[in-house]
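Step one of this worksheet: look at the structure below.
On a predicted model such as this, the values are computed, not experimentally measured, just so you know. Just so you know, these numbers use all the heavy atoms, side chains as well, and skip hydrogens, waters and symmetry mates. Along the sequence shown, the residues carry numbers beginning at 1.
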Amino acid sequence: MTQKLPRGVHGQTVEALASRILSNEIGEGDTLDLPGLRRELDVSLTALREALKVLAAKGMIDARQKRGTFVQPRTSWNLLDTDVMRWQTAADSGHSLFDELTEMRVIVEPAAARLAATRATPAELTALSDALDRMASARDLAATVTADLDFHRLLMAATHNVFLMQVERIIAIGLVERDKLVHGNSPDEDPVPSHRAVFDAVAAHDADAACAAMRALVDKSGEDLDRARTITPR
């Protein structure tokens with residue numbers, strides 16, 4: 001099937017190539033048919049080359065003399081790159097990625113909540129409360145996902161740890177896709193109580209309670225994900 005893209009649209013060319021790689025239409029070790037891709041995507045050679053440079057920088061492809069341009073093994077990809085994370089969660093491979101996301105959250109987020117309980121400023125607590133209120137009043141999927149993501153971002157920022165704030169950027173990409181799946185398939189599922197338990201503990205500056213509440217939230221998140229998968233298998 002020919003996929004038409006506007007000429008010179010760099011980002012769309014990158015997305016189209018990444019989609020083919022993630023769907024295994026172009027599998028690991030496969031050599032890319034560059035003339036064929038130019039025709040199918042209807043892009044200039046310059047646009048195609050620039051897109052290939054982006055994917056090469058992310059470790060997804062490489063080029064060798066006599067072999068041409070080929071797809072690298074997944075172990076060579078920069079899996080913490082935000083684009084690579086987003087592409088994976090949007091593809092079938094996102095199924096296992098969600099499990100790994102939950103594992104990462106179990107390790108990181110309870111400890112982050114513990115720190116936030118000891119470091120959050122009054123202004124940060126107000127922002128967290130506002131995010132919780134927006135979550136409670138959300139009337140559609142987009143509003144729910146946005147408020148949920150904002151809550152987690154604000155909580156991580158309240159740790160005042162620059163490394164955790166960087167880790168949050170990675171978690172956020174998977175969290176958005178996870179929330180779309182869970183809240184989209186279970187619209188009656190109320191995310192507020194579990195988040196409110198975390199907020200109440202952080203606002204009370206109770207580090208142990210904040211840690212426990214966040215662990216309970218992440219555990220529930222994993223259960224909700226499993227339930228959503230039974231409704232819409234990925």
Side-chain angles (χ1 to χ4, degrees), residues 1-105 107-109 112 145-146 149-150 152-153 156-157 159 161-181 234:
M1 179 178 178
T2 300
Q3 181 177 358
K4 294 291 184 180
L5 295 172
R7 288 189 179 275
V9 181
H10 170 70
Q12 291 188 32
T13 307
V14 173
E15 295 280 329
L17 291 173
S19 175
R20 293 186 179 201
I21 293 171
L22 266 295
S23 67
N24 288 318
E25 182 179 339
I26 308 175
E28 292 183 19
D30 287 354
T31 299
L32 276 65
D33 176 7
L34 301 187
L37 286 171
R38 271 194 66 194
R39 290 191 299 271
E40 290 175 34
L41 301 178
D42 191 20
V43 295
S44 67
L45 179 59
T46 298
L48 182 58
R49 285 175 173 169
E50 289 302 312
L52 294 175
K53 286 180 183 179
V54 171
L55 297 179
K58 298 177 187 298
M60 295 179 69
I61 64 171
D62 197 4
R64 303 277 177 84
Q65 286 187 345
K66 299 183 180 180
R67 181 173 178 182
T69 302
F70 60 95
V71 178
Q72 290 267 64
R74 211 164 284 246
T75 53
S76 298
W77 298 4
N78 180 3
L79 297 176
L80 294 182
D81 179 89
T82 55
D83 287 331
V84 176
M85 283 281 293
R86 176 170 55 82
W87 292 330
Q88 286 192 104
T89 56
D92 287 343
S93 58
H95 188 107
S96 62
L97 198 70
F98 284 140
D99 292 330
E100 295 179 20
L101 172 67
T102 299
E103 291 173 353
M104 182 180 182
R105 293 181 66 195
I107 295 168
V108 173
E109 290 196 285
V145 171
T146 298
L149 182 60
D150 286 347
H152 288 273
R153 281 177 169 164
M156 204 69 83
T159 67
N161 182 299
V162 293
F163 294 103
L164 285 174
M165 284 186 271
Q166 290 294 315
V167 169
E168 183 278 332
R169 295 182 183 181
I170 303 302
I171 293 176
I173 300 163
L175 191 59
V176 167
E177 299 302 323
R178 176 261 170 209
D179 282 355
K180 288 178 182 177
L181 176 63
R234 287 184 65 84

Rounded to the nearest 0.5 Å, how far does [atom2] of [Y] lie from [atom1] of [X]?
| X | Y | atom1 | atom2 | answer |
| --- | --- | --- | --- | --- |
| Glu25 | Leu17 | CD | CG | 10.0 Å |
| Asn78 | Gln72 | CG | CD | 12.5 Å |
| Leu164 | Ile171 | CG | CD1 | 8.5 Å |
| Ile26 | Asp33 | CD1 | CG | 9.0 Å |

Show me the donor-acceptor pairs, under 3.5 Å and distance only, between side chains in residues 60-68 and residues at least two apart or in other chains.
| from | atom 1 | to | atom 2 | distance (Å) |
| --- | --- | --- | --- | --- |
| Asp62 | OD2 | Arg64 | NE | 3.3 |
| Asp62 | OD2 | Arg64 | NH2 | 3.3 |
| Arg67 | NH2 | Gly29 | O | 3.2 |

Close side-chain approach of [X] to [Y], heavy-atom, < 4.5 Å:
| X | Y | value |
| --- | --- | --- |
| Ile21 | Trp77 | yes |
| Arg153 | Met165 | no |
| Leu41 | Thr13 | yes |
| Val108 | Glu168 | no |
| Val54 | Lys58 | yes |
| Met156 | Gln166 | no |

- Pair Arg20 + Glu40: basic N to acidic O under 4.0 Å: yes
- Message: So which atom in Ala112 and which in Thr159 form the shortest heavy-atom distance, rounded to 0.1 Å?
- Response: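 Nearest heavy atoms, Ala112 then Thr159: O-CG2, 3.3 Å.
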- Task: Of all the heavy-atom pairs spanning Leu48 and Leu34, show the shortest one and how long it is.
- Result: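 Looking at all heavy atoms of both residues, the shortest contact is CD2-O, 3.6 Å.
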- Pair Glu15-Trp87, side-chain donor/acceptor within less than 3.5 Å: yes
- Item | Verdict with reasoning, Thr69 to Thr31, per side-chain contact (heavy atoms from CB on, under 4.5 Å) | CA-CA 6 Å; Thr69 302; Thr31 299; 5.8 Å; no
- Task: Determine, stepwise, if the pair Gln12 / Val43 fulfils side-chain contact (heavy atoms from CB on, under 4.5 Å).
- Result: CA-CA 10 Å; Gln12 291 188 32; Val43 295; over 6 Å; no
- Can you check whether Gly27's main-chain N or O pairs, donor with acceptor, with Asn24's side chain at less than 3.5 Å?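 Here the side-chain-to-backbone pair does not exist.
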